[in-house]
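One structure is given here, and the rest of the page talks about it.
Just so it is clear: chains get the letters A, B, ... in the order the sequence lines come, proteins before strands, and each one is counted from 1.
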Amino acid sequence: MELVQEAPYRFRIEPTGAMRVPGVVFASRELLGSAENAIDQVANVAALPGVVRASYAMPDIHWGYGFAIGGVAATDPQQGGVVSPGGVGFDISCGVRLMASDIDASDLEPVLEKLMDGLDPVIPRGMGKGAVWRLSGRRELTGILTGGSRYAVEHGHGNERDLLRCEDAGAVADADPDHVGERALERGAGQVGSLGSGNHFLEVQRVGEIYDRQVAEAFGLRNGQICVMIHCGSRGLGHQVCTDHVRAMERRMERYGIQVPDRQLACAPVDSAEGRAYLGAMAAAANYGRANRQLLAQAARQVFQRIAGARLDLVYDVSHNLAKLEEHAVDGERRRLCVHRKGATRALPPGHPDLPPDLRDAGQPVLIPGTMGTSSYVLVGMPGGPAFASACHGAGRVQSRHQAARGVDGRRLRATLEEQGIAVRPSSWRGLAEEAPEAYKDVSAVIEASEGAGLCRKVARLLPVGVVKG
DNA sequence: ATGTGC
């Protein structure tokens, strides 16, 4: 695949074959080196019906199911535009929540081990079982699917201010639980309020550097402050929703006359029975993911209050796996588009009407989880963002899970991290090894490219203090 | 990511 550099952090794939628009990859040469198969996927996405302007990829691009992880693509429903579950990913509404405490790292230090021991049993994680919330029945699950974080808050898990700081005020509209299948409901019933596994975590962090004092202040962040970051998604429920709707779309594509270069790009017109069914089920799974983060946040708050006498205020909660109907200017014209972000974070610019009043001047917090040994970042959306108000979402893998598990010993990794003063509470040694920092790209290089490409701006760097690993 | 595999 030929990539032509057109700006310092911007590469272009000219449309060839079935491509309807060009591909645009925001990255440095170094970051591109490990993403060859994923670049082919960017070109494949450019062939989707109704795709607008370009098929984009963020600097943390790596290979994924159908779409690359780090992919952004918008389609126009009025021009036969499609929605594709592969453009959202299996972990629907996987995302990040950041809370800021009212204590500094030096205040926490004497009780850190106690705090970690307090979090350990109350943050359910690992494959399969365990959840903060035991549901009374299906009606409660339906409430979560339509109400998201709002439902959790209404039932005593959090406060009204939390909702102001959640994307979509805590719940995606137009969720349709009727299109969430029986199997998905069964899988979801016992996992409400759980981290899961893989790269999911709850981290105690310290603000290590401030890049933009004014915006950091608006976000409630200052140097030395203790924060909590939660990264998790919609567990087995979201996974099953994706599986079910990919199958349903595969069966109908021929009748819609849709051809795609890769079977994994199964899709349906946004304005079709299958498209609407998926979007309704996806929104329901997204709300499950948001309630999940709300419940875990509340569990962490109780431990922080009890052991450190500290309060945790929500900075923001945002998804990086979602498709949304949004208005964007295309060639000077406002159009309603279906924006797929898969491993890409929405990054609204200052002044955007969807921001809460106290963040409107600053812009949307963009939360980027790094890896255990390195750092995470808080960014902010930029005016005139080049990719439908999107930015990167993490470091991006360079080693497969298998590779990492072969090359890293989990116990030794924990010892190394503890030597660096990072407390670790893993759920499995293999899982920990798979998430070793060396399995990922350098998150700082990803951030530098994201900023250099004009996708976002740096606000603060967060350093790990304690890791509760899924 | 995922009761890690048709």
Can a side chain N or O of A/S197 be found less than 4.0 Å away from OP1 or OP2 on B/dT4? no

A/E434 CD to B/dT4 C1': how many Å, rounded? 9 Å

Check the distance between B/dT2's C1' and A/F90's CZ and give it to me in whole angstrom. 8 Å

What's the CD-C1' distance between A/Q240 and B/dT2, to the nearest Å? 10 Å

Within the 4.0 Å heavy-atom criterion, would you say A/R183 contacts the bases, only the backbone, or no part of the nucleic acid? base

Pick base, sugar-phosphate or nothing for A/G198, based on heavy-atom distances below 4.0 Å to the nucleic acid. sugar-phosphate

Does A/E186 have any salt bridge (Lys or Arg N to Asp or Glu O under 4.0 Å) partners at least two apart in sequence or in another chain, and if so, which? none

Starting at OH of A/Y288 and ending at P of B/dT2, how long is that distance when rounded to a whole Å? 10 Å

Does the ring center of A/H231 lie less than 6.0 Å from the ring center of A/H320? yes

Can you tell me if A/R401 touches the phosphate of B/dT4, counting only side-chain N or O atoms and a distance under 4.0 Å to OP1 or OP2? no

CZ of A/R125 versus P of B/dT4: gap in Å, rounded? 20 Å

Rounded off to whole Å, could you give me the CZ-to-P distance for the A/R397 and B/dT4 pair? 18 Å

Establish, yes or no, whether a centroid distance under 6.0 Å links the rings of A/H179 and A/Y278. no

Whole-Å gap separating C1' (B/dT4) and NE2 (A/H239): 8 Å

Answer with yes or no after comparing the ring centroid distance for A/Y65 and A/F90 against a 6.0 Å cut-off, counting only values under it. yes

Provide, to the nearest angstrom, the distance between the NE2 atom belonging to A/H245 and the P atom belonging to B/dT2. 19 Å

Once you apply a heavy-atom cut-off of 4.0 Å, does A/G233 come out as touching a base, just sugar-phosphate, or nothing? nothing

